[in-house]
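Notes for the one structure printed next.
In this text, all values refer to a predicted model and were calculated from it rather than measured experimentally. Heavy atoms only: backbone and side chains are in, while hydrogens, waters and symmetry mates are out.
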Amino acid sequence: MSNHRRQCKRRVHEFAQSIQETGADRFADVLEEYYHPDANWQGPAPIDELNGRAEIHDGYWEPLLESFPDLEQNDYILFGGEFRDNTWVCAAGNFVGTFENDWLDIPATGHATWLRHGTFHRFEDGKIAETRLFVDVLDVMRQAGFRFVPALAPEVVAPAPATADGILLDGADAAETEQTQELVEGMIFEGLESYEDEGLEGMGMEEYWHEDFMWYGPAGIGSTRGIDGFQAYHQQPFLEAFPDRGPDSDDIRLAEGTYAAWTGWPSLEATHLGDGWLGLPATGTSVEMRVMDFWRREGDLLAENWVFIDMIDLLEQLGVDVFERLRNDRQYF
């Protein structure tokens with residue numbers, strides 16, 4: 001592994017550690033140290049896209065730190081790679097803090113709150129020049145007592161990898177990395193994309209997934225265990241709702257050691273053709289999905305998958321304005 005990638009990973013790790021040590025009134029100095037002045041930031045709805053350090057500070061970090069003054073970032077996965085001649089570092093974990101002031105119109109609870117996150121950073125001249133960040137905003141609403149869609153599976157705070165080895169600040173074996181990348185690509189391009197021709201039973205998921213694998217999904221979908229649980233509580237309802245989905249060319253793909261991660265803005269394009277997913281009737285609407293996946297390989301199979309979907313953005317495309325419902329519900333809160 002190059003020294004440059006190692007340095008970038010350590011910069012991301014240091015940036016995460018600085019969050020708890022710096023209040024909202026001084027966080028602009030942190031961004032100046034770690035971010036390129038013209039950085040592009042893409043995040044969850046309703047924030048979406050910010051450009052330049054000032055917008056990133058004013059539009060995301062300052063409101064977040066004012067709402068969660070004791071916020072800390074606890075990553076359980078962190079690794080990097082090269083993609084299209086750029087160095088990227090990705091991380092997944094939880095922001096944790098006391099919800100003291102309203103955030104994005106979500107009423108403060110005064111309680112500890114977990115903000116599940118997945119992040120990709122691209123580096124330029126030793127600083128972060130591009131960020132793609134998921135925060136499970138719908139789950140923050142759930143923790144505040146608001147539920148707008150019926151999850152089929154339990155909604156949990158996703159744990160760290162079972163092997164507790166997801167922080168890869170140093171290098172990883174090149175052969176392990178290649179095996180992980182090939183397994184994930186086979187699962188996506190040969191397994192998942194065979195649904196229209198082979199159906200659910202013919203997709204051959206047992207070639208890619210451990211029989212007891214854990215799938216940690218976003219709020220509104222929940223988490224599942226094993227191939228049967230994954231298919232029953234997520235894959236089948238999702239594929240029936242979006243049978244013609246296809247990947248977008250904007251995906252960024254990384255692997256290091258036994259870990260891999262992909263993301264796209266958007267990552268999938270599909271048409272909502274089936275009834276029942278999230279309790280919604282089919283709309284016939286074409287949608288784009290912002291998705292981020294992290295995987296851990298164990299031996300020849302995938303053992304864990306952390307999945308982030310911008311559910312609020314997707315629901316809005318399907319005609320469900322979650323924030324309008326939130327504001328209406330707050331009248332009686």
Ile19 and Leu65: side chain to side chain contact (heavy atoms under 4.5 Å, CB included), yes or no, with the steps?
CA-CA 9 Å; Ile19 293 171; Leu65 290 169; 4.2 Å; yes
So, Asp136 side chain and Ala219 main chain: donor-acceptor pair closer than 3.5 Å or not?
yes
Supply the atom-to-atom distance Phe294 CZ to Ile77 CD1, rounded to the nearest 0.5 angstrom.
6.0 Å
Min side-chain heavy-atom separation Tyr35-Lys127 under 4.5 Å
no
Test side-chain hydrogen bond (donor to acceptor under 3.5 Å, both in side chains) on Gln317 and Asp313 and set out the steps.
CA-CA 7 Å; Gln317 294 177 70; Asp313 175 69; 3.1 Å; yes
Taking it one step at a time, do Asn3 and Arg6 satisfy side-chain hydrogen bond (donor to acceptor under 3.5 Å, both in side chains)?
CA-CA 5 Å; Asn3 285 332; Arg6 183 179 290 108; 2.9 Å; yes
Checking Thr22 side chain against Phe27 main chain: does a donor-acceptor pair fall under 3.5 Å?
no
Spell out, as yes or no, whether a donor-acceptor pair under 3.5 Å connects the side chain of Glu304 to the backbone of Met214.
no
Does Phe68 have its ring centroid less than 6.0 Å away from the ring centroid of Phe95?
no
Testing Glu316, Met292, Arg290 one by one against Asp310 for a side-chain contact (heavy atoms from CB on, under 4.5 Å), which residue passes?
Arg290
Would you say the ring centers of Phe83 and Trp88 fall short of 6.0 Å from each other?
no
salt_bridge(Arg132, Glu130) N-O dist < 4.0 Å
yes
From CZ (Arg10) to CG (Leu78), nearest 0.5 Å:
10.0 Å
Candidate pair Glu124 and Asn86, rule side-chain hydrogen bond (donor to acceptor under 3.5 Å, both in side chains), full reasoning:
CA-CA 8 Å; Glu124 228 176 78; Asn86 289 297; over 6 Å; no
Which word best sums up how the rings of Phe213 and Trp209 line up, parallel for under 30°, tilted for 30 to 60°, or perpendicular for over 60°?
parallel
Angle between ring planes, Phe238 versus Trp277, binned at 30° and 60°: parallel, tilted or perpendicular?
perpendicular
Residue pair His272, Phe242: steps toward the ring pair (Phe, Tyr, Trp, His ring centres under 6.0 Å) verdict:
CA-CA 5 Å; His272 187 214; Phe242 300 99; 5.2 Å; yes
Taking Ala108's backbone N and O only, do any of them form a donor-acceptor pair with Asp102's side chain (distance below 3.5 Å, no angle check)?
yes
Given Leu104, which partner from the list Ser67, Pro44, Pro63, Pro46 fulfils the side-chain contact (heavy atoms from CB on, under 4.5 Å) test?
Pro46
Checking side chain to side chain contact (heavy atoms under 4.5 Å, CB included) for the pair Trp41/His57: CA distance, chi angles, key distance, verdict?
CA-CA 10 Å; Trp41 185 98; His57 174 268; over 6 Å; no
What class does the angle between the rings of Tyr76 and Trp306 fall in, given that below 30° is parallel, 30 to 60° is tilted and above 60° is perpendicular?
tilted
Nearest heavy-atom contact between His117 and Asn94 is CD2-N, 3.8 Å
Is the backbone N or O of His111 less than 3.5 Å from a side-chain atom of Thr113, with the two atoms forming a donor-acceptor pair by type?
yes
Shortest non-hydrogen contact from Phe79 toward Ala260
CZ-C, 3.5 Å
Scan Phe308, Phe120, Phe134 and name whichever one has a ring-ring contact (aromatic ring centres under 6.0 Å, His included) with Trp265.
Phe134
Run Leu183 and Asp300 through side chain to side chain contact (heavy atoms under 4.5 Å, CB included) and show every step you take.
CA-CA 8 Å; Leu183 180 62; Asp300 295 329; over 6 Å; no
Is it the case that atom CZ in Phe99 sees more than 12 heavy atoms from other parts of the structure closer than 6.0 Å?
yes
Heavy atoms of Gln181 and Ala255 approach each other most closely as OE1-CB, 3.1 Å
Using 0.5 Å steps for rounding, measure from the SG atom of Cys90 to the OH atom of Tyr259.
11.5 Å
Which atom names give the shortest non-hydrogen contact between Thr271 and Gly284, and what distance separates them?
CG2-O, 3.6 Å
Going by atom type alone, with no hydrogens or angles, which donor-acceptor pairs under 3.5 Å involve a side-chain atom of residues 141-163 and a protein atom two or more places apart or on another chain?
from   : atom 1 : to     : atom 2 : distance (Å)
Arg142 : NE     : Asp139 : OD1    : 2.6
Arg142 : NH2    : Asp139 : OD1    : 3.0
Gln143 : OE1    : Trp114 : N      : 3.1
Gln143 : NE2    : Trp114 : O      : 2.7
Gln143 : NE2    : Asp139 : OD2    : 3.0
Arg147 : NH1    : Glu155 : OE1    : 2.5
Arg147 : NH2    : Glu155 : OE1    : 3.0
Glu155 : OE2    : Gly220 : N      : 2.8
Thr163 : OG1    : Asp165 : OD1    : 2.6

Whether Arg297 side chain and Glu176 backbone form a donor-acceptor pair below 3.5 Å:
yes
Counting only heavy atoms from other residues, nucleotides and ligands, does the tally under 6.0 Å from CG of Asp212 exceed 12?
yes
Flag the pair Asp293 and Arg253 as a salt bridge only when some basic side-chain nitrogen lies within less than 4.0 angstrom of an acidic carboxylate oxygen.
no
Separation between CZ of Arg11 and CZ of Phe123, rounded to the nearest 0.5 Å:
7.0 Å
Do other residues, nucleotides or ligands put more than 12 heavy atoms under 6.0 Å from Gln17 CD?
yes
Do you know the tightest heavy-atom contact between Ile312 and Leu138?
CD1-N, 3.9 Å
Note: Gly59 and Ile47 closest approach over all heavy atoms is O-CG2, 3.9 Å
Between Thr283 and Thr285, is there a donor-acceptor pair closer than 3.5 Å when you use the side chain of the first and the backbone of the second?
yes
Please confirm whether Phe15 and Trp61 have ring centers closer than 6.0 angstrom.
yes
Between Val137 and Trp103, does a side chain to side chain contact (heavy atoms under 4.5 Å, CB included) hold up when you go through it step by step?
CA-CA 10 Å; Val137 178; Trp103 182 58; 4.2 Å; yes
